[in-house]
Every structure is written in structure tokens, then in C-alpha cells.
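Here the structure comes first, spelled out in C-alpha cells, and everything after it is commentary.
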Amino acid sequence: MSTPIIALLYDFDHTLSTEDMQDYSFIPSLGLTVPQFWALANDFGTREHVDGILAYMYTMMREARRIGHPLTRGQLVQTGRDIKLFPGVEDWFARINAFGAELGVAVEHYIISSGLREIIEGCSISREFKEIFASEFYYDENGIAAWPKLSVNYTSKTQFVYRINKGVLDVSDDRTLNASMPDDSKRVPFTNMIYLGDGLSDVPCMKMMQSYGGASIAVYQEMTAGVKDLLANGRVDFIYPADYREGSGLDQTVKHILRKMATVDVLTEENARQMQMIRQAEEVSGQLILDDLR
């Protein structure tokens, strides 16, 4: 009997970190304020009809060249060290993993973010994730960002939920991702997924959780009408302050969900075991009848 897997899927900005990841030190390194940078990126995207994620990635490259410091992976990873996380995030993963082990399940953690993989890799919790699905640059022979390698916008986030479901984590492998696969052979059932995000950009993934039997939680720094609407309109299962400390409402609810999922897995395994026993008994009975006829 294999150990059931439960996957926790996280947005990053304003879900685990207190601000957009570029805001802490990358944007100031350009000599710009945070509002100035995002105005440049948004104006460029609107004027040239560019996807918002591609627009900000291009603006990062352009502004880095402007100050004479072309964008490199090392530079971005370094800025990840300045990310500030919500209370309790640092030890959240070890606590939840241990709780899952007590229930007899393996807990895995994944990032699905429109931010940058390189910056996330530089933060203190990067090793906690089985995979980081986030936007990323391709670097030329001189190590300078030359092109978007991957762009993760709000609707394309859902493809990574399917990748986790099937265990196809290589983003270049579309063939296996799109191949037919029986539900009982998928690595992480949708019913064993919990999605944590902070707002409207996460709604497509949250709705997937509701449609396929998983769970979704919206976290927030300040309660707003938009957050309330997510719950009131049935777009999310729960809303909580972004407090990951032991005993918080978020901590307790995630543990309740894990208990429920673990119980369902135990019952499903027991049902499968009993069905196998019945089939084996029927095969033996059928063989005995054939032997008597001979």
C-alpha cells in the first residue's frame, strides 16, 4: 500500500511574502520607486497590447540595461534574500509535514506564481518546495536575460495543477501531460489538493479545487470587500489572515482539511482492498467449479 500524497499549492506574492517579490530590492536597485516601475510596466503592456506578465519581464530587462547592469540570474537570486515572509511561514512546512506524517500521508508543497522563479530560489524557503512553477528568463551565452523562458499568467496557472495531478513536472513535456491517463493512476488526486492564494488572480485555480473536490483558502493582510466577495460568491472555501503560526485559524483549518483528506484516503484504500479480496474469491470459486466439471 503506497503512502497517499497531499499537495499544498501556493501563490507567492501576498500569499507567503508580504509584497510583490520585485519590490523589496530589485526595483530600488533600478533607481525607481515601486509605483514608478509598475506604472512603466503597465503602460508598456497597455500601449503595445502585451500580456501583463511579459510586459513586466520586458520592463525589468529594459530598465536593467538602462542603468548599465544587464539582468542576470545571479542578480535576481540575490534579491530573493531580501523577501519578507508572513508570520509563521519559516517553520510552517516542517510542522505541516510532521502533522501529515502522523496521519499517514506525505505532504508536498508547490509554488504556482506569476512572479519569478529566480527570485523565489533566492529566498529562505525555496528548498521546501517539490517544484516551483513561476515565470523565468532564458539567459544567453553571457548569462544575461535574453527572453522569457516561461510566463505564468493568471489563467495559465491551471495547467500546473494538472501537472501536479499527473506528476508531469517538466514544463517542456506537453505530450505526457496531454496523454490520457486513468484517474486511479494519477499521482496526486485533485481531492488531495489544497490551494492557497490571495485574490482574484488565483480564482481559476481556486475554482478548479471546488470543481474537482479539493480545497481552497484565500489569505489576506487586510480584510477588504474583494476578499469578502471571494467567499460570499463561492469562489473560495475559506478566508484567513496570512498568519501561518501554530494555532492560528489558517493553521487549524489546514490541519482539519488534512485530517479529512487522510481519512478519505484510508477508506478508499480499504474499499479497494475489499474489492480485490472479492475478485480473488470469485476467481477461486470459478476455478473450483471448472475443476468439478472436468
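- The closest donor-acceptor contact from the side chain of K166 to the backbone of A179 lies under 3.5 Å.
- Partner F129 forms a ring pair (Phe, Tyr, Trp, His ring centres under 6.0 Å) with one of F12, Y110, F93 and no other, that one being F93.
- Proximity of a side-chain donor or acceptor of R66 to a complementary backbone N or O of M61 within less than 3.5 Å is not detected.
- Summarising the geometry, atom CG belonging to L9 is positioned 4.0 Å from atom CD1 belonging to I112; distances are rounded to the nearest 0.5 Å.
- Residues passing the side chain to side chain donor-acceptor pair (under 3.5 Å) test with Q210 are D237, sequence neighbours excluded.
- No donor-acceptor pair under 3.5 Å is formed between the side chain of D23 and the backbone N or O of E19.
- Note that the OG atom of S216 and the OH atom of Y195 stand 10.0 Å from one another [nearest 0.5 Å].
- Atom CD of E48 has more than 12 neighbouring heavy atoms from other residues, nucleotides or ligands inside a 6.0 Å radius.
- For S135 against M57, the heavy-atom pair with the smallest separation is CB-SD, 3.9 Å.
- Side-chain contact, E90 with S124: a donor N or O sits under 3.5 Å from an acceptor N or O.
- Residues T3 and G104 approach most closely at CG2-O, 3.6 Å, considering heavy atoms.
- A salt bridge does not link E131 with R163: none of the charged nitrogens is closer than 4.0 Å to a carboxylate oxygen.
- By the criterion of side-chain heavy atoms lying less than 4.5 angstrom apart, applied directly or through intervening Ile, Leu, Val, Met, Phe, Trp or Tyr residues, L177 is not grouped with M181; the two fall into different hydrophobic clusters.
- A donor-acceptor contact shorter than 3.5 Å links the side chain of E118 to the backbone of F137.
- Legend: residues meeting salt bridge (charged side-chain N to carboxylate O under 4.0 Å, His left out) with K186, ordered by chain and number and at least two apart, are D183.
- With sequence neighbours excluded, no residue forms a salt bridge (charged side-chain N to carboxylate O under 4.0 Å, His left out) with D140.
- Remark: T46 engages no residue in a side chain to side chain contact (heavy atoms under 4.5 Å, CB included) (not counting sequence neighbours).
- Checked against ring-ring contact (aromatic ring centres under 6.0 Å, His included), F190 has the following partners two or more places apart in sequence or in another chain: Y162, Y212.
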For this session: Could you please spell out the steps behind the side chain to side chain contact (heavy atoms under 4.5 Å, CB included) verdict for L16 and F86?
Result: CA-CA 6 Å; L16 298 174; F86 284 118; 5.5 Å; no
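- Residues satisfying the salt bridge (charged side-chain N to carboxylate O under 4.0 Å, His left out) test with K130, not counting sequence neighbours, are none.
- Follow the hydrophobic side-chain contacts under 4.5 Å out from V171 and you reach V188 in the same cluster.
- Using modelled atom types, one finds no donor on one side chain facing an acceptor on the other under 3.5 Å when comparing S113 with Y10.
- With sequence neighbours excluded, no residue forms a side chain to side chain donor-acceptor pair (under 3.5 Å) with Y154.
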For this session: Mind running side chain to side chain donor-acceptor pair (under 3.5 Å) on D82 and T79 for me, showing each step along the way?
Result: CA-CA 6 Å; D82 299 317; T79 64; over 6 Å; no
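- Clustering ILVMFWY residues whenever any of their side-chain heavy atoms sit less than 4.5 angstrom apart, transitively, puts I132 in the very cluster that holds L85.
- S156 places no side-chain N or O within 3.5 Å of a backbone atom of V152 that could act as its donor or acceptor partner.
- For T15, the side chain to side chain contact (heavy atoms under 4.5 Å, CB included) test picks out D11, L196, D198, V219, Y244, with sequence neighbours left out.
- Of all heavy-atom pairs spanning M206 and I217, the tightest one is CE-O, 3.8 Å.
- Between the side chain of T59 and the main chain of A55, a donor-acceptor pair closer than 3.5 Å is present.
- Put simply, OG1 on T18 and CG on D13 are 9.5 Å apart, with the number rounded to the nearest 0.5 Å.
- Scanning both residues, F133 and L169, for their nearest heavy atoms gives CE2-O, 3.5 Å.
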For this session: Give the C-alpha distance, both sets of side-chain angles, the deciding distance and a yes or no for side chain to side chain donor-acceptor pair (under 3.5 Å) between N153 and T155.
Result: CA-CA 6 Å; N153 65 27; T155 53; 3.3 Å; yes
Problem set entry | salt bridge (Lys or Arg N to Asp or Glu O under 4.0 Å) between R187 and E108, worked out | CA-CA 12 Å; R187 188 172 182 275; E108 296 179 349; 2.7 Å; yes
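- To the nearest 0.5 angstrom, I6 atom CD1 is 9.0 Å from T191 atom OG1.
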For this session: Let me see the working for L150 and R117 under side chain to side chain contact (heavy atoms under 4.5 Å, CB included), right down to the final yes or no.
Result: CA-CA 9 Å; L150 181 64; R117 179 186 179 106; over 6 Å; no
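- A donor-acceptor contact closer than 3.5 angstrom is absent between the side chains of Y240 and Q252.
- When hydrophobic clusters are built by joining Ile, Leu, Val, Met, Phe, Trp and Tyr residues whose side-chain heavy atoms come closer than 4.5 Å, directly or via intermediates, V89 is grouped together with F238.
- By the salt bridge (charged side-chain N to carboxylate O under 4.0 Å, His left out) test, R235 pairs with no residue at all, sequence neighbours left out.
- Here the straight-line distance linking atom CD1 of I164 with atom CG of L8 works out to 10.5 Å at 0.5 Å rounding.
- Between W38 and Y56, the ring planes are perpendicular. Angles over 60° get that label, and only those under 30° would be called parallel.
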Problem set entry | Criterion side chain to side chain contact (heavy atoms under 4.5 Å, CB included) on F44 and L40, from CA distance to verdict | CA-CA 6 Å; F44 168 71; L40 288 172; over 6 Å; no
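- Counting non-hydrogen atoms of other residues, nucleotides and ligands closer than 6.0 Å to CZ of R175 gives a total of 12 or fewer.
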Exercise. Can you check side chain to side chain contact (heavy atoms under 4.5 Å, CB included) on E136 and L116, steps first, answer last?
Worked result: CA-CA 6 Å; E136 186 177 3; L116 287 171; 5.8 Å; no
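- Looking at residues two or more places apart in sequence or on another chain, you find a side chain to side chain contact (heavy atoms under 4.5 Å, CB included) between D251 and W92, R95, I96, E246, S248, K255.
- In this structure, H14 has no ring-ring contact (aromatic ring centres under 6.0 Å, His included) partners at least two apart in sequence or on a different chain.
- Here the side chain of N165 pairs no donor or acceptor atom with the backbone of V161 at under 3.5 angstrom.
- By the side chain to side chain contact (heavy atoms under 4.5 Å, CB included) test, P87 is found to be paired with D243, R245, residues two or more places apart in sequence or in another chain being considered.
- Shortest non-hydrogen contact noted between G115 and A134 is O-CB, 3.6 Å.
- Remark: side-chain polar atoms of S29 are paired, donor with acceptor, to backbone N or O of F26 under 3.5 angstrom.
- To the nearest 0.5 angstrom, L76 atom CG is 10.0 Å from E121 atom CD.
- Considering all non-hydrogen atoms of both residues, Y139 and T72 come closest at CE2-C, 3.7 Å.
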